[in-house]
Amino acid sequence: MIEIPKTYDPKEAEQNHYARWEERGYFAPEINQDPDAPVFTIVIPPPNVTGSLHMGHALQHTMMDVLTRYKRMAGFRTLWLPGMDHAGISTQLMVTRQLKKEGLSRHDLGRQKFEERVWLWKQEYGGQILKQIRREGASVDWSRERFTMDENLSRAVREAFVRLYDDGMIYRGNRIVNWCPHDQTVLSDLEVLREAQKGKLYYLRYPFKNGAGSITVATTRPETMLGDTAVAVNPKDERYSEMIGQVLMLPIVNREIPIVADDFVESEFGTGAVKVTPAHDPNDYEMGVRHNLEQIAVIDQFARMTEAAGADFAGLDRYKARELVIEKFEALGLLEQVVDYEFAISKCERCKTVIEPLTSTQWFCRMDKLRDLALTSLREDGKPRFVPQVPYEKVYSDWLENLRDWTISRQLWWGHQIPAWYTSDGEIIVARSFEEAKQKAGTDQLTQDEDVLDTWFSSALWPFSTLGWPEETEDLRTFYPTSVLITARDIIFLWVSRMMMTGLKFMGREPFADVYVTGTVLDKHGQRMSKTKGNGIDPLDVFEKYGVDATRLTLASVGATDTRWSERQVESYRNFANKIWNAARFCLMNSDGAESISQPFAGDLPLHDRWILSRLNKTAREVNAQLEQYEFHGVVQTLYHFFWDDFCDWYIELSKATVTAETESPERGIARARLISVLEQSLRLLHPFMPYLTEELWQKLPVEHAQLLHSAYAGAEPTIMLAAFPQCDNALVNDSAESEMQAVIDLVSRVRNIRSEMNIKPGERIQLMIAANPGLQTVFTASADQITRLTRASHLSIDGNAAMPKASARAVLSGGAEVAIPLEGLIDFAQERERLLKEKDKLQKEGAKLEAQLGNQDFVERAPAEKVEDLRARLTDIAQRTVALDQMLEALS
RNA sequence: GCCCGCUUGGCUCAGUGGUAGAGCACUCGCUUCACACGCGAGGGGUCAAUGGUUCGAAUCCAUUAGCGGGCACCA
């Protein structure tokens, strides 16, 4: 007899296993000895080196680990590759802040020293999240851990850059870009947030040069007028058609600017005339290009006015300049009106500073051809397959269709420095290394571009750079393309689409077959969790309070829909873990004699054994199917109900008498072995979700552990991680056993119901009389001992006729059986009549519904015959039960 | 502005054409030799509204309302 504590303590199991799993190499694909094993690969979405674990990570990691553990147990050569992203801006900010405390700026250190400093920071403070990933139980292969700034990955970045440049897909150019005045770098469109902002719309008058009146423009940013080089109107706007081509005198600066016609202008908005500032507005920039307008930069990289803005403005902050411009317009009598106005403003995703659109020379990636690769792959090969398909496939393809060039340079020091050099006469040399650049240029008088690449440029290569690309490594051949990408929806554009494009471009194949987009864990009010709101729940706290396994079940059942966080939910899964623990406790307490039974289910089996085997195998079938379809929520439900309802509530109870028999016997040993075998298989099914608990218990079971391993892991030190994932054995699926068992369950439930309704004390033994048709008689007779035990009967009779005593509580079962519990002296006839009438009423309502449906000619003719038959059978059953109830009622009167 | 999703018992959520489900909460009864993080028995929903398709709709279609999200160059 094996004794374990009454309550499951997750902490002990959590401490016991992870280090051992890792040390023994169970996470690495090399553990698989089968050369023909199918391959399953996931690359982790690399968390930022500055990051720490939040609920979103825990959610994704749980799902990735579930799939990885499942596939590993199913015999796949499995790789889940971990790593981190160098997170250019965040990390640089972090280190800059640290330097500031020492009274230093990065410029004090210089670029090289600064970079060294960042690496030191990474060593000391970075990668907290890696420890936390271990805590989650994630079975990632640490031997293949990668970092986007690793030399190999940096080489991949340079290679990709050079190839794209050579193909004309990367270029350097002067264009309008999003500039963050705080972070002092350019940003891509995706790193900019659009926020609604309450502000004002200013109506400004621009007089004609010839003094004949003025034209009024409306703007939210009056300070940019200092850089205006035109006013635009819609060519079809009759109000202005005669003014096109005329010249205005720009107030304050006294510059002559033309009125141009452009389709971009919406006649209905404002006055229908737009001031054009090509240097500071993306649309104006486009118009400027169309009309060959001068770009006058009046705002600098610190969001201050430049010399070009004029002596009164130079050096002023952009908002101060706005006030001054308005003052001057007012003084000139040119401010027509100011109205309240709500509009969208761009902010830096990271520091929330208002973005300043500036023209600047940057590196860009042309997206047209890459986009076509991705769209063709989706349309012709259906890759990637989005789960759920709606809405993500459309979101993804719509975005691709409207894709604009990607600004890839950043004015940072932390990141992959752009592999471009300039000769003294300004020629651009793009090369994989300085050596190669010198060769190409024929001189060593070269200066490398100061800028680094967008962090997402290296992330875009992640599925193959981590496997060794551009080298044709064994890993790359084996593990690319990966099987599935699990991610949150907010990086479908930033990351997923870009991986698709680079994967197709460089590898000629999609980087992943499927993309599973998880739901979001919201706070209890339905709000997104965020640091600024302070409404986040720390997964580590939840692990601490309820255990990792319970948390994982909670997160897995979130699936693909947004779900409000509910601690109650975790609590219920904690209870489930405890239930498993105690079921195992019972099995272990009654395990003597079981270990010698090698084939517990050989030979003829009693009903409850045939039943549980059928249930177990159907569950295995269901679980496998649901995992293949990423139906995480469904799998959790399937496992929960199989284990709790079928195994605990019924199988253990049905086995109890035999299993707990005081004297040793072959029957007892076999029953014990059967119980343990079902438990053991259940633990294997549960393992991907609850790795710690299942390993802890599995190791304790008196079974031949080594024989339970999947053949691909033969010879490994036994662990449930490498045990074969149960598959459905169709020979053990047994529908008649299930329906027979169901009859027993219904019988027991009805008797318990009567006991409860008639207020029969739990300890009180009853007499139980059953009248049934021959088929059910056989079933009940075979299970008589169990029925007696579960209904707490002292005496049980089963026969074919219904000579029941009048003073009894009675019930009619479906399928042709009646029960009676004689209650001489205890029964209140009126009350019993009431009870039976209620029952009859229920049956009649159901019967009426069926009759109505069957009375509908259209239904009978058009519905499938099977369905019609089914309804008829149910109606017949109801009719028979009604007759039986009538007889009982008659007997009572 | 455009696109999309959600609306199911008190709460959090499953279910996607054929008899409305779970967990928690609630009511009643239980120290029944695995488990009170438990056991047994119950109550509770016209599946947002309206219209349509269908023999049959919570499920498909349309419209409306409320909530949420994404995209967007009306200055």
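From a predicted model like this one, the values you see are computed outputs, not experimental measurements. Excluded from the calculations below are hydrogen atoms, water molecules and symmetry mates; all remaining heavy atoms, backbone and side chain alike, are included. Letters A, B, ... mirror the listed sequences (proteins, then strands); counts begin at 1.
- For Leu654(A) and G40(B), the CG to P distance is 12 Å, given to the nearest whole Å.
- Within 4.0 Å (heavy atoms only), Glu846(A) reaches at least one base atom of the nucleic acid.
- To the nearest angstrom, C1' of G68(B) lies 15 Å from CG of Asp490(A).
- Between Glu195(A) and Lys347(A), at least one side-chain N (NZ, or NE/NH1/NH2) sits under 4.0 Å from a carboxylate O, which counts as a salt bridge.
- Salt bridge annotation for Lys198(A)-Asp340(A): absent, with no cationic side-chain nitrogen under 4.0 angstrom from a carboxylate oxygen.
- Taking only distance into account, the side chain of Lys6(A) never meets the base of A36(B) through a donor-acceptor pair shorter than 3.5 Å.
- When the P atom is used for both A25(B) and U16(B), the distance is 28 Å, rounded to whole Å.
- Nucleotides G45(B) and A20(B) have their P atoms positioned 13 Å apart, rounded to a whole Å.
- Ionic pairing of Glu839(A) and Arg750(A) is present here: one or more N-O contacts between side-chain nitrogen and carboxylate oxygen are shorter than 4.0 angstrom.
- Pro391(A) comes within contact range of the sugar-phosphate backbone alone, with a heavy-atom separation under 4.0 Å but no base atom that close.
- Candidate nucleotides U19(B), G23(B), U12(B) were compared by shortest atom distance to the side chain of Lys849(A), and U19(B) ranks first.
- Secondary-structure annotation of RNA chain B gives the stems B:1-7 with B:65-71, B:10-13 with B:21-24, B:26-30 with B:38-42, B:48-52 with B:60-64, with a stem taken as at least 3 successive Watson-Crick or G-U pairs whose two distances both fall under 3.5 Å.
- Using a 4.0 Å heavy-atom cutoff across all strands shown, Thr7(A) reaches at least one base atom of the nucleic acid.
- With hydrogens and angles ignored, a donor-acceptor pair under 3.5 angstrom links the side chain of Arg574(A) to the base of C37(B).
- Comparing the same atom, C1', in U46(B) and in U8(B) gives a spacing of 12 Å after rounding to whole Å.
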Step by step, would you call Lys545(A) with Glu567(A) a salt bridge (charged side-chain N to carboxylate O under 4.0 Å, His left out)? CA-CA 10 Å; Lys545(A) 191 165 174 192; Glu567(A) 198 163 313; 2.6 Å; yes

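- Between Arg881(A) and Asp877(A), at least one side-chain nitrogen of the basic residue sits less than 4.0 Å from a carboxylate oxygen of the acidic one, meeting the salt-bridge criterion.
- Among the nucleotides A34(B), C37(B), C13(B), the one closest to any side-chain atom of Lys656(A) is A34(B).
- Where Gln527(A) and Lys842(A) meet RNA chain B, the nucleotide closest to each residue was compared, and Lys842(A) sits on the side nearer the 5' end.
- Non-hydrogen atoms lying under 4.0 Å from RNA chain B are contributed by His633(A), Gln637(A), Tyr640(A), His641(A), Trp644(A), all within residues 629-644 of chain A.
- Of the charged side-chain nitrogens involved, none lies within less than 4.0 Å of a carboxylate oxygen, so that Glu834(A) and Lys838(A) do not count as a salt-bridged pair.
- The listed nucleotides are C73(B), U32(B), C35(B); the one nearest the side chain of Arg404(A) is C73(B).
- Here, C6(B) and A62(B) have their P atoms 13 Å apart, quoted to the whole Å.
- Mapping Arg874(A) and Ala218(A) onto RNA chain B via the closest heavy atom, the residue that lands nearer the 5' end is Arg874(A).
- When each of U32(B), C4(B), A34(B) is scored by its nearest atom to the side-chain atoms of Cys648(A), the top-ranked nucleotide is A34(B).
- Between Asn759(A) and C28(B) there is no side-chain N or O to OP1 or OP2 distance below 4.0 Å.
- You'll find that the side chain of Arg568(A) is closest to C24(B), out of C24(B), C3(B), C74(B).
- Here, A57(B) and A49(B) have their C1' atoms 16 Å apart, quoted to the whole Å.
- As a whole-Å value, the separation of Gln197(A) CD from A75(B) C1' is 15 Å.
- Of the charged side-chain nitrogens involved, at least one lies within less than 4.0 Å of a carboxylate oxygen, so that Arg175(A) and Asp405(A) count as a salt-bridged pair.
- For the pair Ile652(A) CD1 and G40(B) P, the interatomic distance rounds to 12 Å; values are reported in whole Å.
- G56(B) atom C1' lies 13 Å from atom CG of Leu850(A), rounded to whole Å.
- Comparing C71(B), G18(B), U12(B) by their closest approach to the side chain of Phe493(A) singles out C71(B).
- A salt bridge links Arg872(A) and Glu869(A); the closest N-O separation between the charged side-chain nitrogens and carboxylate oxygens is under 4.0 Å.
- Annotation: G44(B) and G10(B) have their P atoms spaced 12 Å apart (nearest Å).
- Nucleic acid contact for Val390(A): sugar-phosphate only, since backbone atoms but no base atoms lie under 4.0 Å from a heavy atom of the residue.
- Note on Val395(A): nothing from the nucleic acid sits closer than 4.0 angstrom, heavy atoms only.
- Taking the charged nitrogens against the carboxylate oxygens, Arg528(A) and Asp562(A) have no contact shorter than 4.0 Å, which rules out a salt bridge.
- Which of A41(B), C35(B), C37(B) sits closest to the side chain of Glu653(A) comes down to C35(B).
- Between A75(B), A34(B), C39(B), one nucleotide has an atom nearer to the side chain of Glu266(A) than all others, and that is A75(B).
- Using a cut-off of 4.0 Å between Lys/Arg side-chain N and Asp/Glu carboxylate O, Asp189(A) and Arg404(A) are scored as salt-bridged.
- Looking at the side chain of Lys579(A), the nearest of the listed nucleotides C4(B), G38(B), U19(B) is G38(B).
- Taking atom CG of residue Asp263(A) and atom P of nucleotide C73(B), one finds them 18 Å apart after rounding to whole Å.
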List the steps, then state whether salt bridge (charged side-chain N to carboxylate O under 4.0 Å, His left out) holds for Asp262(A) with Arg290(A). CA-CA 9 Å; Asp262(A) 198 290; Arg290(A) 283 195 288 273; 2.9 Å; yes

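- One C1' atom belongs to A72(B), the other to C3(B), and the distance between them is 10 Å to the nearest Å.
- When distances run from any side-chain atom of Pro762(A) to the nucleotides C30(B), A34(B), C37(B), the shortest one goes to C30(B).
- Between Asn575(A) and G38(B) there is a side-chain N or O to OP1 or OP2 distance below 4.0 Å.
- In this structure, NZ of Lys700(A) is placed 19 Å from P of A34(B), rounded to the nearest angstrom.
- Under a 4.0 Å N-O distance rule, the pair Glu349(A)/Arg194(A) does not qualify as a salt bridge.
- Salt bridge absent: Asp9(A) and Lys11(A) never bring a charged side-chain N and a carboxylate O closer than 4.0 Å.
- Taking atom P in both U63(B) and C2(B), one finds a spacing of 13 Å when rounded to whole Å.
- Atom-to-atom, CG of Leu843(A) to C1' of U19(B) comes out at 13 Å; the value is rounded to the nearest Å.
- Counting any heavy atom pair closer than 4.0 Å across all strands shown, Tyr573(A) reaches no nucleic acid atom.
- Residue-level contact check: Asp281(A) touches neither bases nor backbone, having no heavy atom under 4.0 Å from any strand.
- Side-chain nitrogen and oxygen atoms of Tyr203(A) include none within less than 4.0 Å of the OP1 or OP2 phosphate oxygen of A75(B).
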